[in-house]
Amino acid sequence: MRILVAFAASIVIAGCASVGTSHVTQTFNFDFDQVRDGWIPGATDFPVAQSAAVGLFGAVQPLPAPLNSSNMGVYLRGTNVGGDLFLFQKRFFTGLAGLSTYLISAQVDFATAYHSGCTAGPGPITNLKMGVSIVEPVAAADAQGVIRLSIDKGAGPTAAGNFLNFGDIRNGQAGCPSSGTFAIRTTQMKSQPTALTTDANGGFWVFIGTQSGFVG
């Protein structure tokens, strides 16, 4: 996962009325062999009473065969019991200037066994979402007893809310075998619609996950 953060600072030129903007770009390459600790799994968009049936599990694990198992990735598993499920992992990072505003762009490599020839099943109706936020993404029950996320990641698989939606999770491989082969797909670099303002220590949250409309 690669995140570009561009610092935008307005500069008032003394003695005149003109205002300019300066940009400094910083790149974060997320190698999960190095940042494997501190990831917290979560799940949303289901009734509280169905939490046990969802069976959320998240970890940092080796990539599955035939991929290089010496490389690590964030792993998510859950059962979509009601036709809508968002599974995610989040982690807090520091390293930016404190109380500063950044523009965010991101690109993700992910592994999936759903081939691009599949027109049914989870592949075409499960989308990859992520975002960078000063507000911690927290899964909590709303007034109707449904687990929701504390920030706007968009309702359903196709919406992005205030963050990023990279499209469905099919891997680019041809055909649709009953037991697909894991392959890595690299998304396009996309710009987050909302800027990030860091905390006093230059901290921020990153979340990444999948939203699925497939029951099962």
Please output the side-chain donor-acceptor pairs of residues 120-128 that fall under 3.5 Å, not counting sequence neighbours, one pair per line with the distance.
from: Thr126; atom 1: OG1; to: Pro122; atom 2: O; distance (Å): 2.8
from: Thr126; atom 1: OG1; to: Ser212; atom 2: OG; distance (Å): 2.8
from: Asn127; atom 1: ND2; to: Pro157; atom 2: O; distance (Å): 3.1
from: Asn127; atom 1: ND2; to: Asn165; atom 2: OD1; distance (Å): 3.1

(message) Just so I know, are the side chains of Leu63 and Asn68 near enough to count as touching, which here means a heavy-atom distance under 4.5 Å?
(response) no
(message) Could you work out, with side-chain hydrogen bond (donor to acceptor under 3.5 Å, both in side chains) as the rule, every residue matching Thr197, not counting sequence neighbours?
(response) Thr101
(message) Tell me the closest heavy-atom pair linking Leu67 and Phe182, and the distance in Å.
(response) CD2-O, 4.0 Å
(message) Would Arg77 pass as a cation-pi partner of Tyr75, given that its NZ or CZ must be under 6.0 Å from the six-membered ring centre and within 45 degrees of the axis?
(response) no
(message) If I compare all heavy atoms of Leu164 with all of Ala106, which pair ends up nearest, and what's the gap?
(response) CD1-CB, 3.8 Å
(message) Let me confirm one number: the OG1-CZ distance from Thr44 to Phe88, rounded to the nearest 0.5 Å.
(response) 6.5 Å
(message) Thr210: which residues meet the side-chain hydrogen bond (donor to acceptor under 3.5 Å, both in side chains) condition with it, sequence neighbours left out?
(response) none
Can you give the donor-acceptor pairs under 3.5 Å from side chains of residues 134-144 to other protein atoms, not counting sequence neighbours?
from: Glu136; atom 1: OE2; to: Lys90; atom 2: NZ; distance (Å): 2.8
from: Asp142; atom 1: OD1; to: Gln144; atom 2: N; distance (Å): 2.9
from: Asp142; atom 1: OD1; to: Gly145; atom 2: N; distance (Å): 3.1
from: Asp142; atom 1: OD1; to: Val146; atom 2: N; distance (Å): 2.9

(request) Decide yes or no for Gln211 and Asp84: does some side-chain heavy atom of the first lie under 4.5 Å from some side-chain heavy atom of the second? (result) yes
(request) Could you list all the ring-ring contact (aromatic ring centres under 6.0 Å, His included) pairs where at least one residue sits in residues 103-161, not counting sequence neighbours? (result) none
(message) Run the side-chain hydrogen bond (donor to acceptor under 3.5 Å, both in side chains) test against Thr186 and tell me which residues pass, sequence neighbours left out.
(response) Asp109
